[in-house]
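Report on one structure; see the data block that follows.
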Amino acid sequence: MDTDLRGLFFPLNVVLFFFIPSSQISIFMTHLSNYGNDRLGLYTFRNLVKFLQTWTNLRLQTLAPVQLAQRYFQIFPEERDPIWQDPCEDKRHKDIWSKEKTCDRFPKLLIIGPQKTGTTALYLFLGMHPDLTSNYPSKETFEEIQFFNGHNYHRGIDWYMEYFPLPSNTSSDYYFEKSANYFDSEVAARRAAALLPKAKIITILINPADRAYSWYQHQRAHGDSVALKYTFHDVITAGRNAPIKLRVLQNRCLVPGWYATHLGRWLNHYHLSQILVLDGQVLRTEPFALMDKIQKFLGLTNTLNYHKILAFDPKKGFWCQLLDGGKTKCLGKSKGRRYPEMDTDSRTFLREHYRDHNIELSRLLYKMGQPLPSWLREELIHTR
Ligand code: A3P
């Protein structure tokens with residue numbers, strides 16, 4: 001009888017008599033048939049206990065299963081949160097997975113956000129490509145699955161896979177999903193890399209000051225009482241002693257714009273060649289150039305000419321999907337809202353607030369061999 005210790009196989013007696021006295025906790029799992037069909041396991045464990053009592057001064061104690069689990073997680077708090085790994089990365093895992101399941105039902109591309117940078121437009125444009133298939137919309141979270149960042153993660157990978165169609169044998173399916181708050185989540189990058197280590201990652205960035213302002217306007221439009229009560233300048237400049245609700249709104253406005261910190265986290269888990277950083281300004285003005293860049297990055301051979309399927313809608317003020325008959329289909333009124341320009345004091349305050357973050361972002365992009373977005377070049381001029 002062998003045992004599997006973090007991927008290594010040792011004869012059971014070596015494990016029992018060597019590892020148990022030297023490890024804080026040992027967990028043994030066995031197939032039921034091993035117990036049912038022979039008594040070697042029980043015999044070995046009985047003798048192990050005898051051995052420990054005779055030859056060591058260890059005092060053996062036991063607890064009820066739930067208390068044992070609680071004790072375990074006290075010792076290893078970082079293991080409280082499960083981490084789903086790609087079942088197809090390890091042959092042994094794949095072999096015991098249901099035959100009906102396939103890793104082809106996982107996305108190969110994640111659009112990670114952040115929010116308010118044009119992620120919905122990008123998601124719509126990508127979905128127009130015949131070789132790209134987006135996730136089914138989630139009723140719960142405004143279309144986005146939001147698997148890797150929050151409580152949905154604990155629903156497991158079967159839950160996640162249900163958001164993607166069963167792959168067909170013939171087509172070269174390329175699934176993707178977009179959840180805009182993956183970008184600044186503390187946990188999403190680590191979790192995504194464990195399940196989708198080969199995925200490509202796209203982030204789209206606009207000037208973080210404009211992102212903060214767009215987010216504030218979004219909150220106002222959704223009737224957020226704090227955003228309605230306070231001006232944008234009040235929100236971004238609120239001090240330590242400001243009401244907690246104001247501080248929370250302030251954080252949600254400002255923190256996603258610390259781009260270098262968040263991108264750095266993704267770079268800790270993915271190789272830089274797997275991550276593409278896009279300029280949200282270009283998406284607004286020249287979406288074709290951007291879509292060509294993405295198709296190249298994804299290695300799509302069937303290149304779609306977006307000139308033919310996008311049209312600028314003067315009423316909306318944005319690029320929209322061109323329908324048969326020359327009409328356009330634009331994103332709803334919650335995207336591309338009209339609101340007053342940001343006041344100069346807020347702009348100056350945010351320029352200073354994001355200064356070091358922007359400098360650090362330019363360093364990261366240089367390291368990644370990716371061009372600086374136009375808005376970043378402009379911001380850097382002001383830092384001199
Ligand atoms: P505003 O509504 O503040 O103008 P997201 O989808 O990530 O939440 O981003 C929303 C932002 O996408 C909008 O912010 C808008 O400026 C930008 N955007 C870029 N291209 C767009 C398009 N073709 N249609 C609508 N909005 C677009």
Side-chain angles (χ1 to χ4, degrees), residues 105-167 173-185 187-189 191-192 195-196 199-206 211 214-224 227 252 256 262 266 276 278 280 283-284 287 290-291 294 298 304 306 309-310 313 316 318-323 328-337:
R105 211 175 169 187
F106 289 125
K108 294 191 188 124
L109 164 68
L110 296 180
I111 316 282
I112 58 171
Q115 283 171 300
K116 309 314 295 172
T117 56
T119 56
T120 316
L122 182 62
Y123 179 75
L124 173 82
F125 297 167
L126 282 173
M128 292 161 74
H129 196 293
D131 290 352
L132 297 175
T133 307
S134 60
N135 56 282
Y136 300 131
S138 158
K139 286 188 199 104
E140 212 177 285
T141 46
F142 307 103
E143 304 193 344
E144 296 183 345
I145 310 178
Q146 299 188 1
F147 178 65
F148 293 108
N149 58 306
H151 68 276
N152 286 333
Y153 187 71
H154 299 113
R155 294 176 159 169
I157 57 175
D158 286 320
W159 181 89
Y160 186 48
M161 278 194 304
E162 287 293 316
Y163 278 96
F164 299 93
L166 276 170
D173 297 318
Y174 202 123
Y175 296 160
F176 72 101
E177 71 126 328
K178 177 279 268 195
S179 294
N181 43 19
Y182 286 167
F183 178 74
D184 52 294
S185 152
V187 290
R191 289 173 171 179
L195 186 64
L196 312 170
K200 301 221 168 170
I201 307 295
I202 291 182
T203 174
I204 177 157
L205 304 179
I206 60 171
R211 199 218 72 83
S214 168
W215 167 255
Y216 168 79
Q217 294 296 345
H218 172 88
Q219 289 305 97
R220 277 174 73 89
H222 281 254
D224 179 323
R252 293 178 70 199
H262 307 305
W266 284 87
L276 179 66
L278 295 175
L283 177 74
R284 279 179 77 145
L290 199 102
M291 296 315 291
I294 297 175
L298 299 181
L304 186 60
Y306 278 85
I309 53 171
L310 296 181
D313 184 313
K316 177 82 181 167
F318 283 96
W319 289 90
C320 303
Q321 189 174 357
L322 182 62
L323 302 176
T328 52
K329 186 173 165 227
C330 301
L331 292 177
K333 59 180 188 312
S334 67
K335 303 292 168 188
R337 289 192 178 92

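A quick note: this is a predicted structure, and the numbers were derived from the prediction, not measured.
In this structure, the side-chain contact (heavy atoms from CB on, under 4.5 Å) partners of His154, at least two apart in sequence or on a different chain, are Asp81, Pro82, Arg191. Listed by chain and residue number, nothing satisfies the ring-ring contact (aromatic ring centres under 6.0 Å, His included) test with His129 (two or more places apart in sequence, or in another chain). With sequence neighbours left out, Lys329 forms a side-chain contact (heavy atoms from CB on, under 4.5 Å) with Gln321, Leu323. Contacts of Gln217 classified as side-chain contact (heavy atoms from CB on, under 4.5 Å), with partners at least two apart in sequence or in another chain: Tyr213, Arg220, Tyr339. Among residues two or more places apart in sequence or in another chain, the side-chain contact (heavy atoms from CB on, under 4.5 Å) test is passed with Ala192 by Leu110, Phe148, Trp266, Tyr270. Legend: residues meeting ring-ring contact (aromatic ring centres under 6.0 Å, His included) with Phe318, ordered by chain and number and at least two apart, are absent.
In terms of heavy-atom proximity, Ser334 sits nearest to Lys116 at O-NZ, 4.2 Å. Across every non-hydrogen atom of Ala180 and Thr119, the tightest pair is CB-OG1, 3.9 Å. Closest non-hydrogen pair, Lys178 versus Thr120, comes out as NZ-OG1, 3.6 Å. Of all heavy-atom pairs between Gly127 and Phe176, the closest is N-CZ, 3.7 Å.
Taking the six-membered ring where tryptophan is involved, the planes of Trp215 and His218 are essentially parallel, since the angle between them stays under 30° and well short of 60°.
Judged purely by distance below 3.5 Å, without hydrogens or angles, the side chains of Asp224 and Gln219 pair a donor atom with an acceptor atom.
Without hydrogens or angle criteria, Tyr136 side chain to Glu162 main chain gives no donor-acceptor distance under 3.5 Å. Between the Arg105 side chain and the Pro167 main chain, no donor and acceptor come within less than 3.5 Å of each other. Panel note: side chain Asn152, backbone Ile145; a donor-acceptor pair is recorded below 3.5 Å.
Taking CG from Leu126 and CD1 from Ile111, the interatomic distance works out to 5.0 Å, rounded to the nearest 0.5 Å. Atom CG in Leu331 sits 5.5 Å away from atom CG in Leu124 (nearest 0.5 Å). Between atom OG of residue Ser179 and atom CG of residue Asn135 there is a gap of 7.0 Å, rounded to the nearest 0.5 Å. Note that NZ of Lys108 and OG1 of Thr133 are 9.5 Å apart. Values are rounded to the nearest 0.5 Å. The CG atom of Leu290 lies 8.0 Å from the CG atom of Leu276; values are rounded to the nearest 0.5 Å. With rounding to the nearest 0.5 Å, the separation of CH2 in Trp319 from OH in Tyr306 is 14.0 Å.
Looking at Pro107 and Tyr163, their side chains never come closer than 4.5 Å, going by heavy atoms from C-beta outward. Using a 4.5 Å cut-off on side-chain heavy atoms (C-beta onward), Pro114 and Arg211 make contact. Between Leu298 and Leu132 the shortest side-chain heavy-atom distance falls below 4.5 Å. For the pair Leu304 and Met291, the minimum side-chain heavy-atom distance is 4.5 Å or more. At a threshold of 4.5 Å between non-hydrogen side-chain atoms, the residues Lys316 and Thr328 do not count as touching. A 4.5 Å side-chain heavy-atom check between Tyr160 and Leu195 finds at least one atom pair inside the cut-off. Here the side chains of Pro256 and Phe183 are not in contact, with every heavy-atom distance at 4.5 Å or above.
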Report the C-alpha separation of Thr117 and Leu283 in whole Å, then their side-chain angles, then the decisive distance to 0.1 Å, and conclude whether the side-chain contact (heavy atoms from CB on, under 4.5 Å) test is met. CA-CA 9 Å; Thr117 56; Leu283 177 74; over 6 Å; no
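Ring centers of Tyr182 and Phe147: at least 6.0 Å apart, outside the cut-off.
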